[in-house]
Amino acid sequence: MSYTDSVREQLYNVEVKNKCCIPVEYAAIRLCLAERSGNFKETVVSSESQDFIKRMQFLCSKIHNIKPDISVYTQKSKKTKREKLLYSISLPKFEYGMCDSEELFKSLESDCCGKSFLRGLFMMRGTVTEPSVRSVHLESGFESEVLRDKIAEIMLSHGLNVKKGMRRKMYTYYIKDSESVSDFLTMIGAQKARFDFDNAKAMREINNQSNRAINIDVANYDKVSISSSKHLAAIRFLLEHDMYDSLSPELKSVAEVRMKYPDASLSELCEKHSPPLSKAGINHRLKKLEQTALEAEKNLF
């Protein structure tokens with residue numbers, strides 16, 4: 001089951017607390033069905049989700065005062081050639097109005113009804129990427145530009161960062177902001193999905209921070225290795241050309257510490273040196289060793 005399917009399954013079981021929200025959610029679903037069939041006449045709805053069909057049965061009983069029976073049958077998939085179990089229900093003619101109905105849009109001004117309308121639409125047309133995916137994307141598409149624009153208006157009124165677009169001759173709205181996706185899932189009642197989404201986001205941030213810390217450590221280690229190599233090369237040159245003994249006691253003491261602890265950072269060398277030196281002091285003496293070896297090399301060659 002995809003993440004979108006799991007979100008929908010949660011929505012099928014959301015409790016409708018206000019009676020005014022029932023016809024609005026039902027209208028959203030019937031609008032999507034009407035876009036496909038071209039009308040609001042009696043229609044048969046089939047789904048692999050028993051919860052969705054039960055949701056439709058509940059809404060239908062509240063709107064039409066009838067409780068239609070649920071049929072169960074098997075159908076062979078064209079792609080996999082496997083049989084799948086389908087549930088279906090027959091919905092009567094719907095008289096609520098078309099998607100540009102002023103009556104419908106006026107009812108959406110209510111906060112709870114607006115959210116219920118969005119929930120119904122997402123059940124039918126919504127998609128959202130997996131929580132673990134970095135590139136967040138939530139989207140729905142409709143044949144009606146008026147309907148799409150009204151949905152975007154509702155979402156904007158709730159502070160969501162929603163954009164409008166076109167995809168395959170469909171008018172779409174989409175969200176690419178993870179915080180807005182989380183808020184939208186909460187709005188439509190998918191609390192568990194929002195938790196999963198936020199949890200995956202938090203894990204990504206922790207992993208990113210961990211990777212950054214590792215990269216910093218690696219960079220620091222590389223920096224220490226490069227510096228240490230230069231120090232040791234200078235010391236070896238002075239030893240090989242019998243110039244080491246002529247160094248000052250201060251430079252010899254630092255050279256001995258560096259040879260003894262080749263992988264140590266400057267801070268660690270400060271502690272290893274006897275007596276302890278400041279980081280600036282250690283660095284100055286090591287630079288002096290490099291400069292001495294460089295000048296000696298120039299004189300020799």
Side-chain angles (χ1 to χ4, degrees), residues 2-3 128-138 159-161 163 174-186 192-301:
S2 69
Y3 182 63
V128 59
T129 53
E130 297 285 337
S132 57
V133 177
R134 289 185 179 182
S135 181
V136 178
H137 191 90
L138 183 145
L160 301 179
N161 186 16
K163 306 292 183 182
Y174 61 91
I175 301 175
K176 288 184 172 292
D177 171 38
S178 58
E179 185 173 348
S180 289
V181 171
S182 293
D183 291 341
F184 178 81
L185 294 174
T186 300
K192 184 179 181 301
R194 193 253 169 85
F195 173 80
D196 293 340
F197 190 87
D198 289 348
N199 187 49
K201 179 184 174 183
M203 289 303 298
R204 284 200 306 273
E205 291 177 353
I206 291 173
N207 290 336
N208 289 339
Q209 291 175 0
S210 177
N211 289 336
R212 281 195 293 271
I214 291 172
N215 290 337
I216 290 172
D217 289 341
V218 170
N220 289 338
Y221 179 78
D222 290 344
K223 186 177 179 181
V224 169
S225 297
I226 293 171
S227 297
S228 179
S229 297
K230 290 180 179 180
H231 303 154
L232 294 172
I235 296 168
R236 280 196 298 270
F237 178 86
L238 295 172
L239 285 169
E240 290 171 0
H241 293 85
D242 300 323
M243 298 178 185
Y244 183 81
D245 291 336
S246 62
L247 294 175
S248 66
E250 292 81 9
L251 293 183
K252 281 185 180 180
S253 63
V254 169
E256 289 172 3
V257 172
R258 170 49 84 194
M259 287 189 289
K260 189 174 181 180
Y261 303 102
D263 296 327
S265 64
L266 290 180
S267 298
E268 292 169 334
L269 289 178
C270 293
E271 299 175 359
K272 302 294 184 183
H273 192 274
S274 181
L277 290 175
S278 66
K279 189 173 179 180
I282 286 284
N283 188 50
H284 174 74
R285 295 187 185 185
L286 289 170
K287 291 291 184 184
K288 185 65 175 177
L289 277 171
E290 289 184 47
Q291 186 180 355
T292 300
L294 184 60
E295 292 176 353
E297 184 178 13
K298 289 180 180 178
N299 292 333
L300 284 175
F301 302 102

Going by the rule ring pair (Phe, Tyr, Trp, His ring centres under 6.0 Å), which residues pair with H284 if we only count those two or more places apart in sequence or in a different chain?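 Ring pair (Phe, Tyr, Trp, His ring centres under 6.0 Å) list for H284, sorted by chain: empty.
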Counterpart residues, ring pair (Phe, Tyr, Trp, His ring centres under 6.0 Å), relative to Y261 (two or more places apart):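 Applying ring pair (Phe, Tyr, Trp, His ring centres under 6.0 Å) to Y261 gives none.
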With rounding to the nearest 0.5 Å, note down the distance linking [atom1] in [X] to [atom2] in [Y].
X: S182; Y: L138; atom1: OG; atom2: CG; result: 10.5 Å
X: F184; Y: D177; atom1: CZ; atom2: CG; result: 13.5 Å
X: E179; Y: N161; atom1: CD; atom2: CG; result: 9.5 Å
X: E250; Y: H273; atom1: CD; atom2: NE2; result: 8.5 Å
X: R236; Y: M259; atom1: CZ; atom2: CE; result: 10.5 Å
X: R285; Y: K252; atom1: CZ; atom2: NZ; result: 14.0 Å

Identify, with sequence neighbours excluded, every residue that meets side chain to side chain donor-acceptor pair (under 3.5 Å) alongside [X].
X: S2; value: D5
X: N283; value: none
X: T292; value: none

Let me see the working for K288 and L251 under side chain to side chain contact (heavy atoms under 4.5 Å, CB included), right down to the final yes or no. CA-CA 8 Å; K288 185 65 175 177; L251 293 183; 3.8 Å; yes
For K192, salt bridge (Lys or Arg N to Asp or Glu O under 4.0 Å) partners two or more places apart: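 Partners of K192 under the salt bridge (Lys or Arg N to Asp or Glu O under 4.0 Å) test: D196.
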State, with a plain yes or no, whether a side-chain heavy atom of Y3 is found less than 4.5 Å away from one of V128.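 They are in contact (side-chain heavy atoms under 4.5 Å apart), so the answer is yes.
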Side chain proximity check, V136 to K176, heavy atoms < 4.5 angstrom: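 A side-chain contact under 4.5 Å is absent here.
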Under the 3.5 angstrom rule, does the side chain of E256 hit a backbone N or O of S253 as a donor-acceptor pair?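 Pair absent, no side-chain N/O of E256 close to backbone of S253.
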Any sub-3.5 Å donor-acceptor pair from S180's side-chain atoms to I175's backbone N or O?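 Answer holds: no.
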